[in-house]
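Structure, as structure tokens:
Just so it is clear, the structure is predicted and the values come from calculations on it, not from any experiment. Lettering of chains follows the sequences in order, A, B, ..., and the numbering in each one begins at 1.
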2 protein chains.
Amino acid sequence: MVRAGLTPERLTRAGAELADEVGFEQVTVSELARRFDVRVASLYSHVRNSEDLKTRIALLALEELADRGGAALAGRAGKDALTALADVYRDYAREHPGRYAATRFPLSPEAAAGSAGPRHAHMTRAILRGYELTEPDQTHAVRLLGSVFHGYVSLELAGGFSHSAPDSQESWTRILDALDSLLRNWPTP
Amino acid sequence: MVRAGLTPERLTRAGAELADEVGFEQVTVSELARRFDVRVASLYSHVRNSEDLKTRIALLALEELADRGGAALAGRAGKDALTALADVYRDYAREHPGRYAATRFPLSPEAAAGSAGPRHAHMTRAILRGYELTEPDQTHAVRLLGSVFHGYVSLELAGGFSHSAPDSQESWTRILDALDSLLRNWPTP
DNA sequence: TGTATCTCCCTAATAGCTTTAGGCAAACGG
DNA sequence: CCGTTTGCCTAAAGCTATTAGGGAGATACA
């Protein structure tokens, strides 16, 4: 019998593709086995269990997203950097909804430590170098940006902004204008 | 044999409590049957299927949240209204994480039409009456507020802001200050 | 090249959740 | 008081997850 050539990496990549097709929640060890034309039990030599598989997909997505962010940020500053990183998140979520959903998968502390999570926080903070914010306002602003990026993208993905004017791209652009303005005029109590 | 007194309403309420205890994703027809000390099949006379149950929980949560929002908004305007509604969302999510998660459950168009969803949109728009925004900026602002509320709350719930200074309450307050300032000084291109 | 080992995928089995079909007895209406 | 309706039950099939243990291809080494 011909061996299927299963590896954790191949399973993870196929799992990510499956997530984009059917949704991250619907990623199943059984379906993955079906795609490799292999019995379900065979996957358990390469992946600890279903949670382990999902964790690996999440780590993959976080890396991909951080890589895109890093590339987009190179050589940019200020509003240019802000919109570049924001677009990276939004575009990634639209291109890879399952992978994007995977980035919200709750990671164990160990998995989180080895993830690209810190790179994401670092990138958002890097954007703020183009604005004159000092601690603790810088941290507040990091949290605001994270909230807007994630919030907007997830509402848009859920269909919240379709079927109504103005179109989503328009709102996105104007919201980024507004955030830039806010960061340049951050209020002090 | 004593009848258990199952009704769609009781199942929905119990389902909502279950969601808050174990997470919305973990709400299961089986567990619900166990809690009513009844066989699983019995639930299927009162609820069409698992999706129907989750939809009912989502509708319940949306109603509760809209009720709280309406009560909080009564007699308030401007920044006062903004923080009141924002706190309603955040507090509800912290008190009832499972129910809050349920509000993100994708509803069928019919279910969505009969839901409290429109009330939520209406409330956010009502807040903006205290600021001088005209269309389409008002819609952009509605979307921004929705994104921040949902984004912040869901990142906070996922543990994103714990274990690091400044504490989350502090950021929340300052972010609402910043949003108020932004709405009073909304940039025009 | 032959053989021993190791690796990979398999069969088999258990257990939980979902959903449908059909039955019996309690509750209710006249 | 009896017939009908209603509510919960048993039974069964299908899907997913996970573990235990086996056989055969690939590899290493003589």
Side-chain angles (χ1 to χ4, degrees), chain A residues 1-60 98-99 101-102 105-108 110-111, chain B residues 1-60 98-99 101-102 105-108 110-111:
Chain A
M1 131 209 352
V2 183
R3 297 204 172 176
L6 305 179
T7 66
E9 290 69 30
R10 285 190 68 195
L11 291 174
T12 304
R13 273 195 298 274
E17 285 164 26
L18 177 57
D20 286 334
E21 290 171 34
V22 304
F24 181 66
E25 296 306 325
Q26 279 66 49
V27 169
T28 192
V29 183
S30 301
E31 178 59 29
L32 209 49
R34 232 169 272 131
R35 301 218 164 184
F36 279 92
D37 199 32
V38 134
R39 297 306 171 129
V40 195
S42 305
L43 300 205
Y44 283 81
S45 311
H46 305 278
V47 142
R48 201 168 10 220
N49 52 32
S50 184
E51 185 190 330
D52 180 40
L53 172 64
K54 288 185 174 170
T55 295
R56 286 170 189 267
I57 297 173
L59 293 176
L60 172 69
R99 283 162 150 98
F105 187 67
L107 298 177
S108 67
E110 314 85 71
Chain B
M1 130 212 351
V2 183
R3 297 203 172 177
L6 305 180
T7 66
E9 290 67 31
R10 286 190 67 196
L11 290 174
T12 304
R13 273 195 298 275
E17 284 163 27
L18 177 57
D20 285 334
E21 291 171 33
V22 305
F24 182 66
E25 298 305 325
Q26 280 64 52
V27 169
T28 191
V29 183
S30 301
E31 177 59 28
L32 209 48
R34 232 169 273 131
R35 302 218 163 184
F36 278 92
D37 198 32
V38 134
R39 298 305 171 128
V40 196
S42 306
L43 300 206
Y44 283 81
S45 312
H46 305 278
V47 142
R48 197 156 352 141
N49 51 35
S50 183
E51 185 190 330
D52 180 39
L53 172 65
K54 288 187 175 170
T55 295
R56 287 169 189 267
I57 297 172
L59 293 176
L60 172 69
R99 282 161 152 98
F105 187 67
L107 298 177
S108 66
E110 315 85 71

Under 4.0 Å from OP1 or OP2 of [N]: is there any side-chain N or O of [X] that close?
X     : N      : result
B:S42 : D:dC9  : yes
A:H46 : C:dT7  : no
B:R34 : C:dG16 : no
A:S30 : D:dA17 : yes
A:S50 : D:dT16 : no

Nearest whole angstrom, please: distance from the [atom2] of [N] to the [atom1] of [X].
X     : N      : atom1 : atom2 : value
A:L43 : C:dT7  : CG    : P     : 19 Å
B:E25 : C:dC17 : CD    : C1'   : 15 Å
B:E31 : C:dT18 : CD    : P     : 10 Å
B:F36 : D:dC9  : CZ    : P     : 12 Å
A:R35 : C:dC9  : CZ    : C1'   : 21 Å
A:N49 : C:dT14 : CG    : P     : 22 Å
A:L53 : D:dT18 : CG    : P     : 10 Å
B:L32 : D:dC8  : CG    : C1'   : 15 Å

| query | Taking the side chain of B:Y44 as its heavy atoms from C-beta onward, which of D:dT18, C:dT18, D:dT19 lies nearest to it? | reply | C:dT18
| query | Taking the side chain of A:R39 as its heavy atoms from C-beta onward, which of C:dT11, C:dT20, C:dC9 lies nearest to it? | reply | C:dT11
| Quick one: on DNA chain D, does B:V38 or A:T28 contact a more 5' nucleotide (nearest heavy atom)? | B:V38
| Taking C-beta and beyond as the side chain, do B:V29 and B:V47 meet within less than 4.5 Å on heavy atoms? | no
| Test log, rule side chain to side chain contact (heavy atoms under 4.5 Å, CB included), inputs B:L107 and B:T55 | CA-CA 7 Å; B:L107 298 177; B:T55 295; 3.8 Å; yes
| field | Donor-acceptor contact below 3.5 Å, side chain B:R10 vs main chain B:G5 | value | yes
| query | Has A:E51 got more than 12 heavy atoms of other residues, nucleotides or ligands less than 6.0 Å from its CD? | reply | no
| Take atom CZ in B:R39; do more than 12 heavy atoms of anything else shown fall under 6.0 Å from it? | no
